[in-house]
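Take a look at the structure below.
Sequence lines set the chain letters: A, B, ... in the order given, protein chains first and strands last, and positions in each chain run from 1. These numbers were taken from a predicted model, which means no experiment stands behind them.
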Amino acid sequence: MKTRHVLWVLVLLVAVALSGPTQAAEPIKIGAAISLTGKYGRTGEYQLEGYQLWVKQVNERGGLLGRPVELIVLDDKSDPATSVKLYEKLITVDQVDLVLAPYSSAVTYAVAPVTEKYGYPMLAAGASSTKIWEQGYRYIFMMVSPAEVYLEGAVDIAARNGLKTVAMLAENSLFPKASAAGTKKLLQARGMELVFYEEYPKTVTDFSAVMLKLQQLRPEVVLANTYFPDAVIITRQMKEYNVSPKLYAATVGPALPDFYESLGKTAEYVYGPSQWDIKLKTPGNAEFVKAYTELHGRPPDYHSASGYASCVMLEMAVKQVGSLDRDKIRDALARLDTTTVFGDYAVDEQGKQLKHKMVLLQWQDGQLEIVWPDELATAPPRFPTPPWEQRG
Amino acid sequence: MDASLLSVEKIVAGYGKMDILHGVSLHVRAGEVVSIIGPNGAGKSTVFKTIMGYLTPRQGRVCFDGADITGLRPDQVMRRGLSYVPQGRIVFPLMTVLENLEMGAYTERNRARFRATLERVYELFPILAERRHQKAGTLSGGEQQMLAIGRALMVSPKLLLLDEPSLGLAPRFVTMVFETVKRLRALGLTLVIVEQNAVRALEVADRGYVLELGRNRFEDTGHRLLTNPEVKRLYLGG
Amino acid sequence: MRPLPRDLLLLGLCLVLAVLPVSAAPQYVVSLVLFVFMFIALAESWNLLSGYTGYVSFGHVVFFGVGAYTTAITMTRWGLAWLPASLLGGVAAVGLALLIGYPCLRLKGPYFAISMLGLSEVVRLLALYLEPLTGGGMGISRIRPPTPDPTPVVYWAMEAMAVLVVAVTYAIDRAQFGLRLKSIREDELAAEAMGINTTAYKMYAFLLSAFFPGIVGGIHAYYLSYIEPDSTFALLYTINMAIMTIFGGRGTVWGPVIGAVTLYLVSEAVWVRFPFLHLVLFGLVIMIVVLFMPRGVLGWIATRRPRLVPAGKEL
Amino acid sequence: MRLHVQLVVSGLLQGGVYAVIALGLTLVFGVMRVINVAHGELVMLGAYTTFWVFALWQVNPLLTLLVSIPLLFFLGMVIERLLIARVVDQPEVTALLLTFGLSIFLVGTALNLWSADFRSVESPMLAGSVMPWLWLPGLGWLQVFIPKPRLISFLLSLLITGTVFAFLKYTRTGKAIRATAQSREVAMACGINVRRIYTLTFGLGAALAAAGGSLISLMLAIFPEMGAVLTLKSFCIIVLGGMGNYAGAFFGGLVLGLAETYGAFYTTPQLQEAFAYLLLILILLLKPSGLLGVVRQ
C-alpha cells in the first residue's frame, strides 16, 4: 500500500512540474543570470545596473524592433555550477530571445558551453580571461581588455621609477590566475624580480601568514590579483602588519567606489586598474554617467559601463540584422567595429578583444584619478606610497 | 494516618511505557532505620527515584512530613528535608572534597548554617576534613562513600535515603559504612537503606521490606525478617 | 515471489519516465527529473550507511566529488568514454572509503559525523591545491564536447542509478544483512555480543554507500562538462542527502525516495526567486522531523494510519 | 629566531579567539553531552551583531560585545528551551541532527536577511599596530610586531576566558554547572535544578560564541557561511584538549592558532584551513581522549 502512495506523490509532482507556464509573450525577453550575492555580488550588481539602465532607455525609445524589452534576472550566488543551471533554465523554460552575460571569468567559463549549445550570442561583459576564447567557441565575444594586461600600468609606473622587487598574490581561480600569469611576463620584460608569489583559495579570510612573509621580504611592489572582498581584506591586513611597499595595486577592488567606503583613508595611494572611468572622454560618457547616477543613486563603475555597453552593442547588431535571428546577430557581433561609452570594440576570429584599452586609477584624497596611460591621465601618480606610520 | 514521617502509598511507576513498580507501599516513622531488600529488578532503586521526584508515579501518593510531595521536582523534595545518596558514581570526581560538600548544601543559602553543618560533617567524618582540598576522584572507594553521605547530610535532612551504600566496596569499607549508619541513627536521623547485602542491612534495621517484581512481599522488623525461614531461603542465601 | 500489482506499477512508471527525454517534454522538465533521480541515488546511498547503521556522515559529498574528479580527469587526460570513466569514479570513491573506513568507523556517533565533515573539507582543499592534477581553482572544463547534447543519455544513466540503488537497498532491507545493519544502529555492543562482526558489516555498508555517489558524481561531471572544487565538494550536497533521507524516513527503502522527490522539487520551486529560502525551509524541516516525527514521513504515516502499512512490515 | 618569536606571537593571538569559541562548545558538550553543530552559526550571529551595531550607530566595535553577549545569551536560552531540551536525554545522534538543522536554518536566515556579501568592521580606533619589545631568556630584547585589532581581541579573549573560569570555579552557579557536567544524577540529588542548569549552560555557550564572533569580526570578514569552518575548528580544539575539559579548550585553541600560523607560513595559505581538519582527524584516530585531556568516562 505504501508504495502506491509513493507513486501517487511522484505522479502528482511530475504533473505539477510539467504544467509550468510556457506561452510566448509580446515583449522581447532577455535573460541574465548574474552574481548578486556571494563573493562576486558587489561587482555583479554594478554590471546588472548597467543592463537595467539600457533596458529603461531602450523602452523609452520605443523598444527594440518596435517591441518592448523585458529583462529576466536570476542570481547565481557567485557559483559557476549554479549559473550553468540558470542559463539552461533561461533558455529552455523562460525561452528568452537573447541573453546577457554573467559576471566573472570563472562563471562565464562555465556558462559558455551552454550558450554555445543553444546558439545564443553573448557579449562577455564581465570576463577577461583569454582562456575562454581558446576553446573554439563561436558565440561568445570579449569586450574588455584581457586579464593578462590588468596590471600593465602598475608595472609600468614601478619600472619607470626603478623599483625592482615584486611580491604577488593571486586568488586560485580563473581570472586572477590569468592576470597573474600575464603580469609575470610583463615583469620579466621589464627586468623586475618576482620575490614572492602565492595563491590563496576563494574562501580565505585571513592573510596573516602572507603578511608575515611580506614583512620579512620587504618587497618594493605588491601586486594582488583579487576580487573586491579579498582586495579589501588584503589592504586592511597590509596596514595591520605594517607592510609598506612603494607601490601597491590590486586588480578588482580599488577601482570600485565601495573600496573607499569600506576602507576610508586606508585606501589612499592604492592603485587599481580599470576598464573604464567616469572621467574618460568616450562618446556619450558624461550622459551615461548622469543617467546612471539618476537611476541608481550612485555613480557607475567600470562593470556598469561594460554591462551597459554590451547591451548597446547587442542593440546595434539586432538593428543591423533587423530580426532576432541569433546566428545573424552572432555574425554581426563578430564583424562589429565601434566605439561606445566603454571605449573601442573589435574582435578577432576567436572572439578575443583587439582594441579596448585599460587605464590605471589611484585613490587620491578620496577621489579616483586616472594616472596611466599618460595621455589620458587626470593627475600624476602620487609616488612613492609613504610608509603607513607617515600617513594621516 | 499514622505518625509516619514518610509514607509511600501504592505507587505505580517506571521508565517510558514500562512499569517497574506495580503498587509499592512503605511507611517510615521518625527515628527509624528501614531497610529495603529484594532481588535484582525488584524495583528497590526505583522506589527511591520516585520518592525523590526523578520519576513521577503513574498512580499512588508519596507523603512526607504530613504533606503530599507526589510529582515535585527533586530540588523541591530536598528542600522539605529529604536527602538521597544515589548508587554508583556518587561524588563529583573533579571537584574537591570541600566543593562536593558545598554542592550538597546547594539549596542552603545561609552561610552561617552552612558552616555549622560543615563542621558537624567534618566531625562525623574527620577524614573529609583532612582531605578537604583533595579532588574527590582521588579518594578511595570507602572515602568516596563517606563523602557522598557527608554531602547528603549537608542539607541537615530529616530523612536520608541510601541507595546500595556497600556496592562495590572492599569488606573493610562495608563494615565502615554500616558503622556509619549506626552512628547516624544514634544522632537521631531517620534512614532508609536499599541494599543487596541483605543480612547486613537487616542487622542494622528496625524494620525491613522485601520487594519482588515491583510489589511488596514481606514487611516486618529487621530481626524477624532475618529469622523468617522463607526470607532466609529466598533472599539471604539459605 | 509473484509480481505484485504495485511492482508492475513501479515498472510502468520507470518506463514512462524513461521516454521523457525523447518526448516533447521541455528540456527543463527533463533536467528537473534528471536531478530528482540523482538525488534519489545520493540520498539512498547515504541512507544505506547513515540510515541503516546509524553512523551519520556529514561528509558524504566527498565520494560524489572524488567520483566527479576521477571521471573528469580520466576523460580529459586519457580520453576515456563517460561510462567507464564514471564507473572508475565509483571505484575511486570505494578506494577512498577503504582507506578511511576502518579508522573512521571506529569512532562513535558524533565523532564519526564530524571527522567525515573534516575529511570532505580536506579533500576539497586538496582539489584546490593539487593544480597539476585537478586544475586547482580553475577547475576542469570541456570534459565532453559541447555537442551532441548529452541530456538523454545522462538522464537514462541517472534513472538507472536511482533504480539500482533503490533496488540494492530493497534487497538489503529484506535480507539478513539489513537486519544486522539495523542491529548495529539499535545497540552496537549488543550486536557484537550476539556474535555479529559489526566492523565488517559497517565497512560493507560504508563501501556501498561510497560506491554509488562516486558513479553519480562522475555522471554529473560528464553532464556539466565543467567542475571546480567549491561547487563539486559543496556541503549542500551532504545536507541534501541527509535531509532528504531524514525527511522521508531513515533506515527505510522508500524514505529517501520520498524525501528526494519532495524536497528537490520544493527547493527548485523556491530557490530561483528566493535563492536562500530553501535553506531556511530545509533547516526547519530537519528540526521538525527530528523533534516530532523522528521516523520521517513514512514513520509518521505508519503511526497515524497503521492501516496503510501492512502488519509485519517494519518501516 | 626573531621570525619564530613573531610566528609564535601571531599564532597565540589567533588562538585566543579560537579558545573563547571552543570554550563555549566544550561547556555545552560537557554539561549536556550535546555537540552543537550550530555553534559556528552562533559565532556568525555574534559577528553580525557587531557589524550592525557598528554600521548603524558607529559604536566602538569593542563596545558591541556588550550587546552581542547578552543578546546571544538570551537567544541561546531560548534555543535550549525550544529545541535542545527536548533531545538531551536521547541518543547523541538525535541532538547532532537537530543542531545540524538549526545551523542550516540560521545560515539560510542570515543569507536572506543580510545576503552573502562579505562585510567588515572598519574602525580607525582599531587600525594600525604596536611594536613592543619582548625580553626572552637567551635571546635578549626582541621587537615583535602585533596588529592592534589582534592584540585587543586577544586581551579581551583572555579576559573573557578568565571571567568564565572564575565563574565556574568560585560561584555557586558555576560550581553547579561543573557538578552537573560531572554527574547529572548526583547534581539532582544535591537539589540542583538540572533543567535550569542546562538552559543556563547553553546560554553561556552561545554567549561565548557571540563574544568570539564579535572579536573575530575585528580581524576577519563577516559572511553568513563563516560558521561551518569555525564549528569544525572548535570541534578540533575540544578534541585536542579533551572533550568537556575547559582548560583543555583554552590550550587547544592556542595550539590550533600556532599550528595554523606555522602551517600557512611554511607551506601555503591554500592549505591553512586544512591543518585544523587534518589535526582533528589525526587526533580522533590516534588519541581520541585528546592530547591534553583527562581521560574520563
Side-chain angles (χ1 to χ4, degrees), chain C residues 50 54-56 58-59 100 102-104 106-126 128-131 136-137 185-187 235-236 238-240 242-243 245-246 250 274-292 294, chain D residues 29 33-38 41 82-83 86-87 90-116 224-225 228-229 231-233 235-236 239 243 267-268 270-286 288:
Chain C
S50 303
Y55 274 72
V56 173
F58 279 173
I100 59 171
Y102 182 69
C104 281
R106 278 192 328 189
L107 302 169
K108 294 283 170 270
Y111 299 90
F112 174 77
I114 293 177
S115 67
M116 286 298 294
L117 180 56
L119 186 83
S120 74
E121 283 294 287
V122 168
V123 176
R124 178 180 67 86
L125 290 167
L126 282 178
L128 268 171
Y129 182 60
L130 297 175
E131 194 175 321
R185 179 183 65 195
E186 296 313 324
D187 190 341
L235 183 62
L236 197 61
T238 304
I239 292 178
N240 270 311
I243 191 189
T245 307
I246 295 165
R250 275 177 279 166
F274 312 98
F276 306 118
L277 192 61
H278 72 287
L279 276 182
V280 179
L281 292 177
F282 275 19
L284 276 176
V285 165
I286 294 193
M287 289 191 281
I288 291 169
V289 169
V290 170
L291 285 179
F292 303 111
Chain D
F29 175 80
R33 301 282 131 178
V34 165
I35 290 175
N36 179 14
V37 185
E41 277 63 43
L82 283 181
L83 303 172
R86 298 168 193 267
V87 298
Q90 292 179 30
E92 279 171 329
V93 167
T94 311
L96 198 70
L97 291 174
L98 183 68
T99 54
F100 179 58
L102 179 64
S103 86
I104 297 168
F105 175 76
L106 291 177
V107 171
T109 308
L111 282 166
N112 277 302
L113 290 178
W114 308 311
S115 86
E225 284 154 315
V229 172
T231 303
L232 267 171
K233 283 185 182 171
F235 189 76
C236 168
V239 168
M243 303 284 289
T267 60
T268 149
Q270 300 229 55
L271 294 177
Q272 183 166 350
E273 277 173 14
F275 290 109
Y277 311 144
L278 286 174
L279 207 60
L280 168 70
I281 293 169
L282 278 179
I283 295 165
L284 280 178
L285 298 184
L286 301 178

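- Ile35(D) touches chain C through its side chain: at least one heavy atom from C-beta onward sits under 4.5 Å away, while N, CA, C and O do not.
- Val56(C) touches chain D through its side chain: at least one heavy atom from C-beta onward sits under 4.5 Å away, while N, CA, C and O do not.
- Atoms CD1 and CG, on Ile104(D) and Leu236(C) in that order, are 8.0 Å from each other to the nearest 0.5 Å.
- If you measure heavy-atom distances from Ile243(C) to chain D, you find no contacts under 4.5 Å at all.
- Separation of atoms CZ (Phe100(D)) and OG1 (Thr238(C)) is listed at 7.0 Å; rounding is to 0.5 Å.
- Remark: Phe292(C) CZ to Arg86(D) CZ distance equals 4.5 Å, nearest 0.5 Å.
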Exercise. Check the pair Leu117(C), Tyr277(D) against side-chain contact (heavy atoms from CB on, under 4.5 Å), reporting the backbone distance first and the verdict last.
Key: CA-CA 9 Å; Leu117(C) 180 56; Tyr277(D) 311 144; over 6 Å; no
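- Proximity to chain C (any heavy atom under 4.5 Å) is shown, for Thr99(D), by neither the backbone nor the side chain.
- With a 4.5 Å cut-off on side-chain heavy atoms, Arg250(C) and Leu97(D) count as touching.
- A pairwise comparison of heavy atoms in Leu96(D) and Ala113(C) identifies CD2-CB, 3.5 Å as the closest pair.
- Rounding to the nearest 0.5 angstrom, the gap separating the OG1 atom in Thr231(D) from the CZ atom in Phe58(C) is 10.5 Å.
- When heavy atoms are compared at a cutoff of 4.5 Å, Leu232(D) approaches chain C solely by way of its side chain, counted from C-beta outward.
- Expressed to the nearest 0.5 Å, how far CZ of Arg124(C) lies from CD of Glu273(D) amounts to 6.5 Å.
- For Leu271(D), the part sitting under 4.5 Å from any heavy atom of chain C is the side chain, from C-beta outward, and nothing else.
- Contact annotation for Leu280(D): only side-chain heavy atoms (C-beta onward) come within less than 4.5 Å of a heavy atom of chain C.
- With rounding to the nearest 0.5 Å, the separation of CG in Leu106(D) from CG in Leu279(C) is 11.0 Å.
- Put simply, of Thr94(D), Leu98(D), Val37(D), the one with the most heavy-atom pairs under 4.5 Å next to chain C is Leu98(D).
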